[in-house]
Amino acid sequence: MTYTLIDGKKVSADIKNEISQKVAERKAQGRKIPHLAIILVGDDGASQTYVDNKVKSCKSVGFHYTMMRFADTISEEKLLKHIDHVNNDDDVDGFIVQLPLPPHISVDRVTEKIRSDKDVDGFTNHNFGSIISKNPLLMPATPFGVMELLRRYNIETEGKHAVVVGASRIAGAPLSMMLTEQGRATVTICHKFTKDLGSYTRSADILLVAVGKPGLITADMVKEGAVVIDIGTTRVEGPQYPKGWAIQGDVDFKAVAPKTSYITPTPGGVGPMTIASLLLNTLRATELQHP
Ligand code: NAP
């Protein structure tokens, strides 16, 4: 079967162009330019790379941004106080606290401290719950990016059987809710305790995988003509890779792609969409606070 590669890099670039135009319009009208703040605790290398990419993206669309760095020895109390300060800073429209955090800091307490109308990662309970309300607020960035990819490739979800593998708070669980509410799909959620995973994945019209186990989804687990969205990103090391490592998804791409109608590559599929969603959320937060 010939399949269509879902090009997340291109869609993300299109979204950034659209955002740049809106920022230019806001500027011309004398309205507030979106301002994203990024809180980074510690010096984890991967987090630094993610944050650098976010800063680069802010610059490319004309957003203002502020980097706020803290040593990994900062107490939870101090970090919560700082979050309160940003919550009350009228100049900041949206902010994120880059994960992971040091083990002595509770991710739940930090997330719940963030004002929901500034929560551009879409992680707070308020924004999470709004997925199933009539008025969805700021959507969790990765699932939002996936829904946007499906929409922009005109992939019909209504009445389809969507199988989501992985049920985490940031990826699988909100994605399942968005597919049900906004996509009107019939959704099956699989996780670590699912027995005979293939018996579910084989019945998927749309298979979405967010686990972090390279090669988990093999060709015999995919229905002919299915749409496959691979969210997993794992850094795999080996001498065969020019850089000594490569990013791999959860799907055995080479074997699975020929069976599909649409499939995301890794890298270059869902990854670039997460930052595009963060920018869309920041623009939305600005529009809500400074219409
Ligand atoms: P996570 O919190 O570790 O969640 C993984 C989920 O997969 C959990 O629900 C887990 O079940 C489930 N699981 C584990 N083993 C399984 C198995 N054998 N079969 C079926 N389900 C299984 O990870 P995450 O944060 O959601 O991230 C998942 C992957 O997506 C990672 O590779 C991550 O790097 C990637 N990711 C990529 C982006 C992006 O921008 N591209 C964004 C977010 C995440 P239990 O809950 O029962 O343990």
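Whatever order the structure lists ligands and atoms in, that order sets their numbers, starting from 1. All of these numbers come straight from a predicted model, not from anything done at the bench.
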Subject >> Distance from atom 12 (C) of ligand 1 to nearest protein heavy atom, with residue and atom >> reply: Gly166 CA, 3.9 Å
Original post:
Is there a donor-acceptor contact under 3.5 Å from the side chain of Lys118 to the main chain of Ile96?
Top reply: no
Subject >> Per-atom contacts of ligand 1 with His191, taking only distances under 4.0 Å to non-hydrogen atoms >> reply: 11 (O), 19 (N), 20 (C), 21 (N), 22 (C)
Subject >> Protein residue, atom and distance nearest to atom 1 (P) of ligand 1, heavy-atom basis >> reply: Ser168 CB, 4.0 Å
Original post:
Ala167 to ligand 1: N or O pair under 3.5 Å?
Top reply: yes
**OP:** Distance to 0.1 Å, residue and atom name: give those for the protein heavy atom nearest to atom 18 (N) of ligand 1.
**Re:** Lys213 NZ, 3.8 Å
Original post:
What protein heavy atom sits nearest atom 45 (P) of ligand 1, and how far off is it?
Top reply: Lys192 CB, 3.8 Å
Original post:
Between the side chain of Asn281 and the main-chain N/O of Val120, is any donor-acceptor distance below 3.5 Å?
Top reply: yes
Subject >> Location of contacts on Ile170 toward ligand 1, heavy atoms closer than 4.0 Å >> reply: side chain
**OP:** For atom 39 (C) of ligand 1, grab the closest protein heavy atom and report residue, atom and distance to one decimal in Å.
**Re:** Thr274 OG1, 3.6 Å
Subject >> ligand 1 to Thr233 polar contact by distance, N or O atoms, under 3.5 Å >> reply: yes
Original post:
Hey, is Glu287 close enough to Arg284 for a salt bridge, meaning N to O under 4.0 Å?
Top reply: no
Subject >> Nearest-contact summary for atom 36 (N) of ligand 1 - protein heavy atom, Å >> reply: Ile231 O, 3.6 Å
**OP:** Determine if the distance from atom 26 (O) of ligand 1 to the closest protein heavy atom is below 4.0 Å.
**Re:** yes
Original post:
Is the side chain of Lys32 donor-acceptor paired with the backbone N or O of Asp91 at a distance under 3.5 Å, no angle test?
Top reply: yes
**OP:** For ligand 1, note which part of Met273 has a heavy atom under 4.0 Å away: side chain, backbone, both or neither.
**Re:** neither
Original post:
Do you know the tightest heavy-atom contact between Arg109 and Leu80?
Top reply: O-CD2, 3.8 Å
Subject >> Lys/Arg-Asp/Glu bridge criterion (N-O < 4.0 Å) met for Arg152, Glu148 >> reply: yes
Original post:
atom 29 (C) of ligand 1: which of Gly212, Pro140, Pro143 has the nearest heavy atom?
Top reply: Gly212
Original post:
Which ligand 1 atoms are under 4.0 Å away from a heavy-atom of Ala171?
Top reply: 26 (O)
**OP:** Examine ligand 1 and decide if any of its atoms is less than 4.0 Å from a heavy atom belonging to Gly172.
**Re:** no
**OP:** Tell me which protein heavy atom sits closest to atom 3 (O) of ligand 1, plus the residue, atom name and distance to 0.1 Å.
**Re:** Val211 O, 4.4 Å
**OP:** Determine yes or no for a side-chain-to-main-chain donor-acceptor pair under 3.5 angstrom, with Asp250 supplying the side chain and Gly212 the backbone.
**Re:** yes
**OP:** With Asp119 as reference, evaluate Asn127, Asn87, Thr111, Asn125 under the side chain to side chain donor-acceptor pair (under 3.5 Å) test and give the passing residue.
**Re:** Asn127
**OP:** Tell me yes or no: between the side chains of Thr264 and Asp230, is some donor less than 3.5 Å from an acceptor?
**Re:** no
Original post:
What orientation do His191 and Phe193 show, parallel under 30°, tilted 30 to 60°, or perpendicular over 60°?
Top reply: perpendicular
Original post:
If you measure from each heavy atom of Thr142 to ligand 1, is any distance below 4.0 Å?
Top reply: yes
Original post:
Taking heavy atoms and a distance under 4.0 Å, where does Val165 meet ligand 1: side chain, backbone, both or neither?
Top reply: side chain
**OP:** Considering heavy atoms of the protein only, find what lies nearest to atom 41 (N) of ligand 1 and give residue, atom and distance to 0.1 Å.
**Re:** Gly271 CA, 3.5 Å
Original post:
Can a salt bridge be assigned to the pair Lys9 and Asp7 using a cut-off of 4.0 Å between side-chain N and carboxylate O?
Top reply: no
Please tabulate, one pair per line, all N/O donor-acceptor pairs under 3.5 Å involving side-chain atoms of residues 62-72, not counting sequence neighbours.
{"unit_1": "Thr66", "atom_1": "OG1", "unit_2": "His35", "atom_2": "NE2", "d": "2.7"}
{"unit_1": "Arg69", "atom_1": "NH1", "unit_2": "Gln48", "atom_2": "OE1", "d": "2.9"}

